[in-house]
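First the structure, in the form of structure tokens, and then the observations on it.
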2 protein chains.
Amino acid sequence: MTLLVNSSGSTKDRILGAAELLFAQRGFDGASLRQLTAAAGVNLAAVNYHFGSKEKLVEEVFRRRLDALNARRLEALAKIAGAPETTLEDVLAAYIRPALDLSHEDSGSLFMRVLARAFAEHDDTLRQFLSENYGHVMRQFTAEFARLLPQLSRQELYWRIDLVTGALTHAMSGFGMIQRKHDVSELAHREQTAQHLIRFSVAGLSHP
Amino acid sequence: MTLLVNSSGSTKDRILGAAELLFAQRGFDGASLRQLTAAAGVNLAAVNYHFGSKEKLVEEVFRRRLDALNARRLEALAKIAGAPETTLEDVLAAYIRPALDLSHEDSGSLFMRVLARAFAEHDDTLRQFLSENYGHVMRQFTAEFARLLPQLSRQELYWRIDLVTGALTHAMSGFGMIQRKHDVSELAHREQTAQHLIRFSVAGLSHP
DNA sequence: GGCTGGTTCAAACGATCGTTTGAGCATACG
DNA sequence: CGTATGCTCAAACGATCGTTTGAACCAGCC
């Protein structure tokens, strides 16, 4: 069905691109290395040669996007964290905007779908990988939320962050897929989406 | 690893129970019919004999729970829909409480996990099945939300409902799994959870 | 008893899975 | 030129997949 993804680029990059697409469409188990390498236009053995195993390939698909994404998130957070005039909107924007930006670079929107899948899977190996490598990001954001919402108990705060995370993950996994009206520019659409997500999250986090 | 689920009951029920558990743990592709029938303590061929195929079994796992769940939701909604004194809290309670109740019947909490998986998978066959059979439920709730939030545009309302749905699906897929403090009764825990979800959803739907 | 329809069973079907192998190819360096 | 080194390739490995088959079993009914 799907033929040739990314006919240019190195073998590793072609594999990563095809993996992102097929993992998003059919899941980690559903997408086979044969479908994947056929779509990438590379030999079947190339996956094990370059990545070692299918599981390592999955991790690399995450690493390639999350390293950059979370770096941008932390960079944006660092600019505002601790400042007295910082608002909840600012912190949420630091978390949300880098993800929406990614969704409009090359085929980054597919990645948010892959991320949503990983979120729904309660696979221990994958969860541990994500927690070990990117757990500190959520920890820093949580600390800033706690500072801006001192009236909330720890338990209450965790509940709300969990719910917001679920909402954002779900929403962003569909973003970039929906048909956009032709008279709305991509940038305006992204800005509108950001506003929806941010306002919703502010309301969910800070309600009395 | 997993041995014998539901050693009593009919063959069909044993299969459905084991399927719910393994689909929740390993996904629809990840759980094989051999693991499944071994856990159920039935013969491998029993799945195809009773259900026709693995895909039909998946549908039956959904049907068994969703028929009852959505019937209860609509029943609760019917009691309050259209009434002048009905609040957003009431409508959200009609949607949320039946799901939390299910999570504390037998192994119903596993089902919410399966549902969350189906939500993350963008598989067309499964989505169509759910939409055809249970789409009217969300449509009725949406109509009532629209009535109670007349100030919102259609587009704005859909955005908020989508975000709330994502939050609830995520939260309920983890509910029943978390370790509960021993000094908190099950009923109190469920009520506390319901309050969290309802208040969050009200804030997300009705913020200015 | 004999027969029937519903159910279970072990065994096998072809297909597909992730992974490994060893030969072949290209480029770079002595 | 010779020979390493990094990479690609077709082919095969054993394992496991969903599904099918045909015999065996077992109630209930004539």
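Quick note: numbers below take in every heavy atom, side chains included, and nothing from hydrogens, waters or symmetry partners. Letters A, B, ... mirror the listed sequences (proteins, then strands); counts begin at 1.
Pairs engaging residues 118-135 of chain B under the salt bridge (Lys or Arg N to Asp or Glu O under 4.0 Å) rule: Arg117(A)-Glu121(B) [sequence neighbours left out].
In this entry the distance linking OH of Tyr49(B) with P of dA24(D) reads 18 Å, nearest Å. The interatomic distance linking Phe51(A) (CZ) with dT20(C) (C1') rounds to 18 Å, in whole Å.
Between dG6(C) and His50(B), no contact under 4.0 Å exists linking OP1 or OP2 to a side-chain N or O.
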Report, one pair per line, the protein and nucleotides 11-18 of chain D atoms (nitrogen or oxygen only) whose separation is under 3.5 Å.
{"from": "dC17(D)", "atom 1": "OP1", "to": "Ser32(B)", "atom 2": "OG", "distance (Å)": "3.0"}
{"from": "dG18(D)", "atom 1": "OP1", "to": "Lys54(B)", "atom 2": "NZ", "distance (Å)": "2.6"}
{"from": "dG18(D)", "atom 1": "OP2", "to": "Leu33(B)", "atom 2": "N", "distance (Å)": "2.9"}
{"from": "dG18(D)", "atom 1": "N7", "to": "Arg34(B)", "atom 2": "NH1", "distance (Å)": "2.8"}
{"from": "dG18(D)", "atom 1": "O6", "to": "Arg34(B)", "atom 2": "NH2", "distance (Å)": "2.6"}

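Residues that satisfy the side chain to side chain donor-acceptor pair (under 3.5 Å) test with Arg97(B), not counting sequence neighbours, are Glu191(B). When the side chain to side chain contact (heavy atoms under 4.5 Å, CB included) test is applied to Ala99(B), the partners found at least two apart in sequence or on another chain are Leu69(B), Arg73(B), Met112(B), Met172(B). Judged as a ring pair (Phe, Tyr, Trp, His ring centres under 6.0 Å), and not counting sequence neighbours, Phe145(A) has no contacts.
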Anything under 3.5 Å between a donor and an acceptor, one on a side chain of residues 133-142 of chain B, the other on a protein residue two or more places apart or in another chain? List them.
{"from": "Asn133(B)", "atom 1": "ND2", "to": "Phe129(B)", "atom 2": "O", "distance (Å)": "2.7"}
{"from": "Tyr134(B)", "atom 1": "OH", "to": "Asp67(B)", "atom 2": "OD1", "distance (Å)": "2.8"}
{"from": "Thr142(B)", "atom 1": "OG1", "to": "Met138(B)", "atom 2": "O", "distance (Å)": "2.7"}

